[in-house]
Amino acid sequence: MNTTPATDTGGTVGPGKVGPGIVGSAAVDTVIIGAGQSGLALGYYLAQQHRNFVILDAGTRVGDAWRSRWDSLRLFTPAKYNGLPGRPFPGDRLAFPTKNEQADYLEDYASRFHLPVRLNTAVTRLSHDGRRFHVTAGTQRWTAANVVLATGACQLPKTPGFAAELPSDVVQFHSHNYKNPAQLKPGPVLVVGVGNSGAEIALETSRTHETWLAGTPSAEIPFRHGRTAARFFLPVVRFAGMHVLNTNTPVGRKVLPKMAAMATPLIRTKLADLRAAGVRLVPRATGVQDGGVMLDDGQSLPVANVIWCTGFTEAYPWLDIPALPTNWREQQHRGIVDALPGLYLLGKDLIFAAASETLPGVCRDAKYLAKRLAATRTPQHAAEVQSELAG
Ligand SMILES: Cc1cc2nc3c(=O)[nH]c(=O)nc-3n(C[C@H](O)[C@H](O)[C@H](O)COP(=O)(O)OP(=O)(O)OC[C@H]3O[C@@H](n4cnc5c(N)ncnc54)[C@H](O)[C@@H]3O)c2cc1C
């Protein structure tokens, strides 16, 4: 196993003013934006290739995307699937780690393989001059031949517009900001969205608060989630998500476009569990009426708290490349953005397979991208990067 530190030029931003508002810049071969599991998995492979790269992350600690999720969250995937290349997840392989255990694993991984992660570095602009990318983070800038967008699939919390019409005394959060029931005030809770987040959070709030769960229930996996499933059934689900439902198979090409509009089936919490816990399942929330939340069947719920479990959208507000067509995100194959050589995506929903956003999928997609990056690295290109570094 190669644990040699990657050439760490990415962090050594040179001194001297190099442009308006920029106090340091460096040339690297590849910038990875995001040090979550995607960015780290790719970093592992690029370090093995002795490439000159840097991983930029807005967070203060590696693993914060996991740490910031709600307190009681455990992963749906068992430990045996949660490790990154070169380092299996430690401990019981059939256990479902807590979100903090997963976060700490990622932090340890970055440090163990000496990955060149720059924390507290939020990318504020990504541009392209026709030859090279320019990545700006505050007063620092990196020039690169390749940029990998590994900023996660859960970036911008989605909330319906009518959320703003709720009276100010109603406590409301998106699942992104929900931590535990102590954040709620006394009185009923409406959880909106019957996906996995909504089902798990509703089950939790039902222990302390009267809880309604609004939405159209998703399908359920046809077995009970747990150790037995981790041993016998989840391997089948993993196989299907990795090897059957991907863009290389006829069935994958047929099903994946439809999956984008479909809800993920409920994995751990079943509708029967919710009913048994006293959660009342109600139709979709459609608006606000008389200070309450109006439902699809016309009734209005007098809520004290609302938790929006209404999903996320990908967002790249800092992407400033006018040459990219508006549908550039759809024009990609296995994370390679066709419209602009050198631009890559990793860890995003369905970029290659149904599992592309999960830990096993990310690891495979990272390996593929690393191979592609190796193949596109001509001696001339390597020499150019070296000369820019020397200059
Ligand atoms: C509630 C929930 C439970 C889940 N459970 C599982 C599970 O059990 N198993 C599983 O495999 N998957 C699970 N997932 C999916 C998975 O965790 C995510 O899709 C995953 O986090 C994607 O990894 P990533 O590295 O691509 O992105 P993230 O982990 O989101 O990391 C992206 C990183 O990019 C950084 N970043 C973003 N914008 C910028 C910027 N402008 N500049 C610099 N840095 C930036 C962020 O700080 C962050 O560290 C779950 C997701 C959710 C929401």
Side-chain angles (χ1 to χ4, degrees), residues 31-43 54-84 89 95-99 101-103 105-107 109-110 117-126 135-138 140 142 147-158 174-176 178 193 195-201 225 230 234 237-238 241-242 264 267-269 309 311-312 314-319 335 344-351 354-366:
V31 170
I32 301 172
I33 309 177
Q37 52 227 25
S38 302
L40 299 180
L42 181 61
V54 63
I55 311 176
L56 309 179
D57 199 286
T60 52
R61 280 176 76 185
V62 169
D64 276 355
W66 279 108
R67 264 183 217 101
S68 65
R69 290 177 180 148
W70 67 88
D71 296 348
S72 62
L73 177 67
R74 278 185 179 271
L75 270 76
F76 298 103
T77 42
K80 64 177 173 174
Y81 296 149
N82 297 343
L84 299 188
F89 197 94
F96 298 90
T98 66
K99 48 122 193 177
E101 286 168 347
Q102 187 67 31
Y105 164 85
L106 295 181
E107 192 171 41
Y109 185 90
V117 176
R118 298 285 159 269
L119 292 168
N120 301 304
T121 307
V123 169
T124 47
R125 184 166 183 246
L126 171 61
V135 185
T136 307
Q140 300 184 327
W142 286 262
V147 169
V148 182
L149 308 179
T151 45
C154 307
Q155 287 155 332
L156 206 60
K158 271 196 292 187
H174 189 275
S175 60
H176 185 63
Y178 171 78
N196 283 291
S197 301
E200 301 232 331
I201 291 174
H225 186 263
L234 293 179
V237 175
R238 177 184 177 278
M242 297 277 284
T264 309
I267 300 172
R268 184 158 36 214
T269 305
C309 296
F312 296 85
E314 277 180 44
Y316 308 95
W318 32 265
L319 191 59
Y344 301 90
L345 291 165
L346 186 59
K348 312 290 185 179
D349 200 18
L350 304 175
I351 53 174
S356 276
E357 197 199 317
T358 65
L359 281 141
V362 156
C363 294
R364 179 182 55 183
D365 292 352

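Values below: every heavy atom of this structure, side chains too, minus hydrogens, waters and symmetry copies. Order of listing sets the numbers, starting from 1, for every ligand and every atom in it.
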Going by side chain to side chain contact (heavy atoms under 4.5 Å, CB included), name the residues that satisfy it together with Asn82, two or more places apart in sequence or in a different chain.
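Residues passing side chain to side chain contact (heavy atoms under 4.5 Å, CB included) with Asn82: Leu75, Thr77, Phe89, Pro97, Gln102, Leu359.
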
Strictly below 4.0 Å, N to O, side chains only: are Asp64 and Arg61 in salt-bridge contact?
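Answer for the salt bridge query: no.
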
Salt bridge between Glu107 and Arg67, side-chain N to carboxylate O under 4.0 Å?
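Yes, charged N to carboxylate O under 4.0 Å.
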
In this structure, which one of Arg74, Arg268, Lys99 forms a salt bridge (Lys or Arg N to Asp or Glu O under 4.0 Å) with Glu200?
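Per the salt bridge (Lys or Arg N to Asp or Glu O under 4.0 Å) rule, the option paired with Glu200 is Arg268, out of Arg74, Arg268, Lys99.
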
Would you indicate whether the side-chain heavy atoms of Thr264 and Asn196 approach each other to under 4.5 Å?
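Result yes, sub-4.5 Å side-chain heavy-atom pair found.
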
Got Leu40 and Leu106 here, is their nearest side-chain heavy-atom distance under 4.5 Å?
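Yes, at least one pair of side-chain atoms sits under 4.5 Å.
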
Contact table ligand 1 N or O to protein N or O, d under 3.5 Å:
residue: ligand 1; atom: 8 (O); partner: Phe76; partner atom: N; Å: 2.6
residue: ligand 1; atom: 8 (O); partner: Thr77; partner atom: N; Å: 3.2
residue: ligand 1; atom: 8 (O); partner: Thr77; partner atom: OG1; Å: 3.3
residue: ligand 1; atom: 9 (N); partner: Thr77; partner atom: OG1; Å: 2.7
residue: ligand 1; atom: 11 (O); partner: Leu359; partner atom: N; Å: 2.7
residue: ligand 1; atom: 17 (O); partner: Arg69; partner atom: NH1; Å: 3.2
residue: ligand 1; atom: 19 (O); partner: Glu357; partner atom: O; Å: 3.2
residue: ligand 1; atom: 19 (O); partner: Glu357; partner atom: OE2; Å: 3.0
residue: ligand 1; atom: 23 (O); partner: Gln37; partner atom: NE2; Å: 3.3
residue: ligand 1; atom: 25 (O); partner: Gln37; partner atom: N; Å: 3.0
residue: ligand 1; atom: 25 (O); partner: Ser38; partner atom: N; Å: 2.9
residue: ligand 1; atom: 25 (O); partner: Ser38; partner atom: OG; Å: 3.3
residue: ligand 1; atom: 26 (O); partner: Ser38; partner atom: OG; Å: 2.6
residue: ligand 1; atom: 41 (N); partner: Val123; partner atom: O; Å: 3.3
residue: ligand 1; atom: 41 (N); partner: Trp318; partner atom: NE1; Å: 3.2
residue: ligand 1; atom: 42 (N); partner: Val123; partner atom: N; Å: 2.8
residue: ligand 1; atom: 44 (N); partner: Ala58; partner atom: N; Å: 3.0
residue: ligand 1; atom: 47 (O); partner: Asp57; partner atom: OD1; Å: 2.8
residue: ligand 1; atom: 49 (O); partner: Asp57; partner atom: OD1; Å: 3.3
residue: ligand 1; atom: 49 (O); partner: Asp57; partner atom: OD2; Å: 2.6

